[in-house]
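Written below as structure tokens is the structure these notes are about.
Whatever order the structure lists them in is the order used to number ligands and atoms, beginning at 1.
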Amino acid sequence: MPKGGTPQRKCPAPVHLRDLPSISAVLSHPAASPLLDRHGRTAATDAIRAVLAEARAALLAGGDTVPDADAVAALAGARLEDTGRSNLRPLFNLTGTVLHTNLGRALLAREAMDAALAAMGDPVALEFDLDDGKRGERDDHVRALLCELTGAEDATVVNNNAAAVLLVLNTLARGRNAIVSRGELIEIGGAFRMPDIMAQAGARLVEVGTTNRTHAKDYKGALTPETGVILKVHTSNYRIQGFTKEVPAPELAGIAHGVGVPLVNDLGSGTLVDLSAYGLKREPTVREAVAEGADLVTFSGDKLLGGPQAGFIVGRRDLIQALNRNPMKRALRVDKVRLAAIEATLKLYRDPDRLAQRLPTLALLSRPQGEIAEQARRLAPVLAQVLGDGFTVGVCDCDSQIGSGALPLDTLPSAGLAIRAGGAALSALAAAFRTLSRPIVGRIEDGRLILDLRCLRDEDAFIATLAELRLP
Ligand SMILES: *Cc1c(COP(=O)(O)O)cnc(C)c1O
């Protein structure tokens, strides 16, 4: 249609503008009353004003549809639902990465959720001793449990493992040297790089050895009266293979203790149990790291441990006490809700036989491929029907990852749904999946959208959510 740019063409617009309802007319229309009930007068008025402004702009641009009060209320309602929807709403993690850092890592056990919920709305004896009515210690609620589960003398808890490493280095090596192997200068992602953490902690990084080989003599040669700590870092998210050499922890402990310097072992994921019992590959346990002579061991709460975000530090009592005296500890402490969830999670470890049933993360990690493939065969026709022509849906074998840097080279055989489509349809589908009331997040691989079903727990909810799908 040829575009008329003459002034006369714009004449009808003001007539239409006069037909737009006023804000107060919409507000007093019966169609607005559910908006007022649900969102309140302020938010409803703002949304109606915004819808009217858009309608006015559209008319001035040459449009000729004038929404009535009913339509304005409906548009405002949709707007409020949209902005009111949380981006933190639950989603289906079908990426194949179980401990997905961007998707919130571990899923809590029912016991941990119940404990957190109970602590949320009521006062609790967080720093209050119920026996003598005096002031108590926040860490006491989990200290004994951590010692019991790791064999350590004492323990403390901070916000996450990055905070644990920061606090340890700041306490033991501020203004002093921290010795670490060049093969262990890790970057975890999200700006956690060991050299940067060292700098922020005020410690001087002393690198020893080479990327692939570090010997006992390298550590010994770097020791000076300025040495505050020897740090061993679990290279969780990569492996150095081939012509390699690292100094085993017991030997390193001997070197450190020979000169009265503490050995700190940052285990990263850290696990409290032998994972081979659950069909996974063995990772060094925290108990082993303690037994091998580390003076302090740090590890995460929301990786393989399967709890909320937290950083645990276990080890020698005098060192834990020094950490607790550091003013930085106050800035890194955890709140009552998380402590309640941590305590409940740790207690599950007293009964290892039922751990895989109770800890969702462990349950997902140990799900057999056959069971997942069966689920994929059930769901493939359902998905195919929802997607209709233009997409093909097949059952596929795929590999899940543990995630969060744990066991990076050990994938878990899994199964899923592979969706194929022509042109840009696949990325449009992935985008449509993300707009659902419970978004579905998969991964695009080799021109297919793969939905790895390892982490699909609620099949009925998945089917109900698929029914919402509106393809562009
Ligand atoms: C994950 C990890 C960290 C950081 O732990 P967060 O709990 O994510 O803060 C530190 N060191 C290692 C070796 C890790 O694997």
Side-chain angles (χ1 to χ4, degrees), residues 97-108 142 146 155-170 172-173 178 180-201 203 205 214 229-240 246 249 252 263-272 275 280-281 283-286 288-289 292 294 296-315 323 328-329 331-335 338-339 341-342 345-346 361 365 401-410:
T97 301
V98 180
L99 290 167
H100 200 303
T101 297
N102 304 139
L103 302 180
R105 291 193 185 162
L107 312 176
L108 297 195
V142 293
L146 281 167
T156 188
V157 192
V158 287
N159 183 50
N160 54 17
N161 189 35
V165 175
L166 181 69
L167 178 65
V168 165
L169 288 172
N170 181 263
L172 302 183
V180 62
S181 160
R182 288 201 169 88
E184 298 175 358
L185 284 174
I186 56 163
E187 170 177 318
I188 298 291
F192 182 92
R193 298 175 127 195
M194 201 43 94
D196 299 340
I197 295 282
M198 292 255 179
Q200 288 301 319
L205 169 63
T214 302
V229 69
I230 295 181
L231 179 65
K232 183 165 181 58
V233 186
H234 185 52
T235 55
S236 27
N237 53 3
Y238 65 99
R239 287 278 180 280
I240 296 180
E246 67 172 313
L252 204 49
L263 171 69
V264 174
N265 193 342
D266 173 17
L267 272 189
S269 195
T271 164
L272 296 173
L275 292 174
L280 298 167
K281 190 141 176 284
E283 271 269 280
T285 66
V286 179
E288 284 159 4
E292 283 171 355
L296 292 176
V297 179
T298 71
F299 54 105
S300 288
D302 55 353
K303 293 185 181 173
L304 284 173
L305 198 143
Q309 181 185 297
F312 299 111
I313 312 165
V314 303
L323 298 176
M328 201 182 255
K329 167 76 197 299
L332 302 175
R333 74 185 188 188
V334 296
D335 71 305
R338 260 201 287 163
L339 268 176
I342 292 168
T345 305
L346 291 176
T361 297
L365 288 172
Q401 289 192 335
I402 295 179
S404 283
L407 302 166
L409 305 183
D410 299 294

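For a threshold of 3.5 Å applied to N or O pairs, the pair formed by Ser404 and ligand 1 contains no separation below that value. Remark: ligand 1 and Leu267 share no N or O pair separated by less than 3.5 Å (distance only, no angle test).
Not a single heavy atom of Gln309 sits less than 4.0 Å from an atom of ligand 1. Using 4.0 Å as the threshold, Val165 has no heavy atom nearer than that to any atom of ligand 1.
The two residues Thr214 and Arg182 have their closest heavy-atom pair at OG1-N, 4.3 Å. Residue Ala294 comes nearest to Val297 through the heavy atom pair CB-CG2, 3.8 Å, listed as atom of the first residue, atom of the second, then distance. Residues Asn161 and Gly268 come closest through the heavy atom pair ND2-CA, 3.6 Å. Nearest heavy-atom pair across Ala201 and Asn170 is O-ND2, 3.0 Å.
Within ligand 1, counting atoms from 1 as listed, the ones closer than 4.0 Å to a heavy atom of Ser300 are 5 (O), 6 (P), 7 (O). Residue contact check: Arg105 has heavy atoms under 4.0 Å from atoms 6 (P), 7 (O), 8 (O) of ligand 1. With ligand atoms numbered from 1 in the order given, ligand 1 contributes 4 (C), 5 (O), 6 (P), 9 (O) to contacts under 4.0 Å with heavy atoms of Ala162. Applying the 4.0 Å criterion to heavy atoms of His234 picks out, from ligand 1, the atoms 13 (C). Heavy-atom contacts of Lys303 reach the following atoms of ligand 1: 1 (C), 2 (C), 3 (C), 5 (O), 14 (C), 15 (O) (cutoff under 4.0 Å).
The shortest distance between side-chain heavy atoms of Met194 and Leu205 does not fall below 4.5 Å. Under the 4.5 Å side-chain criterion, counting only non-hydrogen atoms from C-beta, Val157 is not in contact with Arg338. With a 4.5 Å cut-off on side-chain heavy atoms, Thr235 and Glu184 count as touching.
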